[in-house]
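Heads up, the thing below is written out as structure tokens.
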Amino acid sequence: MTQIATVEKILSDGYAEISVPRKSACGHDCEECAGCGMTGAAIYARAKNLPNAQPGQKVVVESSTGKLLGVVAVVYVLPVVFFLLGYFLSVGLAESVRYVIAIAAAALALIPIVLYDRYAKRHEILTYTILRLF
């Protein structure tokens with residue numbers, strides 16, 4: 001997946017710190033909407049600086065799509081799977097109790113998600129590469 005980013009500073013070993021605007025489904029036309037209260041937040045990341053871009057320059061960056069889809073699957077699918085397991089494994093109990101168990105199971109899914117997030121940050125699972133200047 002390619003995106004436009006801004007080089008914030010040069011790091012050692014041929015890397016640069018970049019800021020990538022956060023994308024969302026709403027399109028962030030905040031002047032027209034102002035419904036969510038979200039401003040155009042940016043994500044800061046390390047990127048391989050192949051074209052030797054300098055701070056302040058706009059660049060085209062590429063992230064590993066396969067790894068990104070894996071992260072999305074963990075974050076979005078795992079709570080749903082835990083919810084369904086909690087619901088269907090509690091057959092025979094009162095319906096309201098089954099829902100409470102299912103919600104608790106979905107909340108329990110946050111533990112492996114947080115642990116994976118920490119692992120991914122430590123091992124730089126999601127990598128960016130600066131392809132060219134914008």
Side-chain angles (χ1 to χ4, degrees):
M1 175 165 85
T2 59
Q3 295 175 291
I4 306 299
T6 304
V7 177
E8 296 297 326
K9 64 181 175 181
I10 303 299
L11 303 174
S12 61
D13 299 330
Y15 284 88
E17 181 179 280
I18 58 170
S19 63
V20 183
R22 178 175 276 162
K23 300 287 185 190
S24 74
C26 74
H28 286 296
D29 191 10
C30 299
E31 298 84 36
E32 299 295 322
C33 175
C36 67
M38 176 78 174
T39 59
I43 298 169
Y44 292 90
R46 250 174 52 125
K48 291 180 186 174
N49 191 4
L50 299 178
N52 198 23
Q54 297 303 310
Q57 290 182 316
K58 297 278 188 193
V59 292
V60 177
V61 295
E62 181 180 49
S63 60
S64 51
T65 306
K67 292 178 183 178
L68 184 62
L69 291 176
V71 171
V72 168
V74 167
V75 171
Y76 290 106
V77 174
L78 201 60
V80 173
V81 169
F82 273 53
F83 179 89
L84 293 173
L85 283 173
Y87 182 78
F88 288 117
L89 292 177
S90 61
V91 173
L93 299 174
E95 194 69 19
S96 60
V97 173
R98 290 180 74 189
Y99 281 117
V100 168
I101 290 172
I103 291 170
L108 189 65
L110 294 177
I111 294 171
I113 290 171
V114 168
L115 292 175
Y116 182 73
D117 178 56
R118 291 179 182 166
Y119 172 83
K121 284 180 183 173
R122 266 195 316 271
H123 294 90
E124 293 185 354
I125 297 296
L126 295 177
T127 58
Y128 289 95
T129 303
I130 299 175
L131 299 177
R132 60 184 166 80
L133 298 177
F134 182 64

Check: Are Ile10 and Val59 connected in the hydrophobic side-chain network, where two residues link if heavy atoms are under 4.5 Å apart?
Finding: yes

Next item on the list: Would you give the length of the straight line joining atom OG of Ser90 to atom CG of Leu85, rounded to the nearest 0.5 angstrom?
Entry: 10.5 Å

Notebook entry, point to check: Between Pro55 and Glu8, what is the shortest heavy-atom contact and its length?
Noted result: CB-O, 3.6 Å

Check: Do Val74 and Tyr76 share a hydrophobic cluster (ILVMFWY, side-chain heavy atoms under 4.5 Å, transitive)?
Finding: yes

Note to self: Taking the side chain as everything from C-beta on, heavy atoms only, tell me whether Pro112 gets closer than 4.5 Å to Leu78.
What the structure shows: yes

Item checked: Where Tyr128 and Gln3 come nearest, the two heavy atoms and their spacing -> CE2-OE1, 3.9 Å

Next item on the list: Would you name the heavy atoms of Arg98 and Val91 that are closest together and state the gap between them?
Entry: NH2-CG2, 3.6 Å

Item checked: hydrophobic_cluster_shared for Leu108 and Tyr99, side chain cutoff 4.5 Å -> no

Check: Are Thr129 and Val61 close enough that some pair of their side-chain heavy atoms sits under 4.5 Å apart?
Finding: no

Next item on the list: Answer yes if Ile18 and Leu133 sit in the same cluster of Ile, Leu, Val, Met, Phe, Trp and Tyr residues linked by side chain heavy atoms under 4.5 Å apart, and no otherwise.
Entry: yes

Notebook entry, point to check: Going only through I, L, V, M, F, W and Y residues with side-chain contacts under 4.5 Å, is there a path from Leu84 to Tyr87?
Noted result: yes

Checklist line | Leu50 and Leu131: CA distance, side-chain angles, deciding distance, side chain to side chain contact (heavy atoms under 4.5 Å, CB included) verdict | finding: CA-CA 7 Å; Leu50 299 178; Leu131 299 177; 5.8 Å; no

Next item on the list: Provide the closest heavy-atom pair for Ala105 versus Gly86 in the form atom of the first, atom of the second, distance.
Entry: CB-CA, 4.1 Å

Check: Is there a side chain to side chain contact (heavy atoms under 4.5 Å, CB included) between Asn49 and Val7 once you walk through the steps?
Finding: CA-CA 9 Å; Asn49 191 4; Val7 177; 5.5 Å; no

Note to self: Minimum heavy-atom separation for Ile113 and Val75, please, with both atom names.
What the structure shows: CD1-O, 3.8 Å

Next item on the list: Calculate, to the nearest 0.5 Å, the distance between atoms CD and OG1 belonging to Glu17 and Thr6 respectively.
Entry: 11.5 Å

Note to self: For a quick test of reading the model, state the closest non-hydrogen atom pair linking Ala106 to Phe83 and the distance between them.
What the structure shows: CB-CB, 4.0 Å

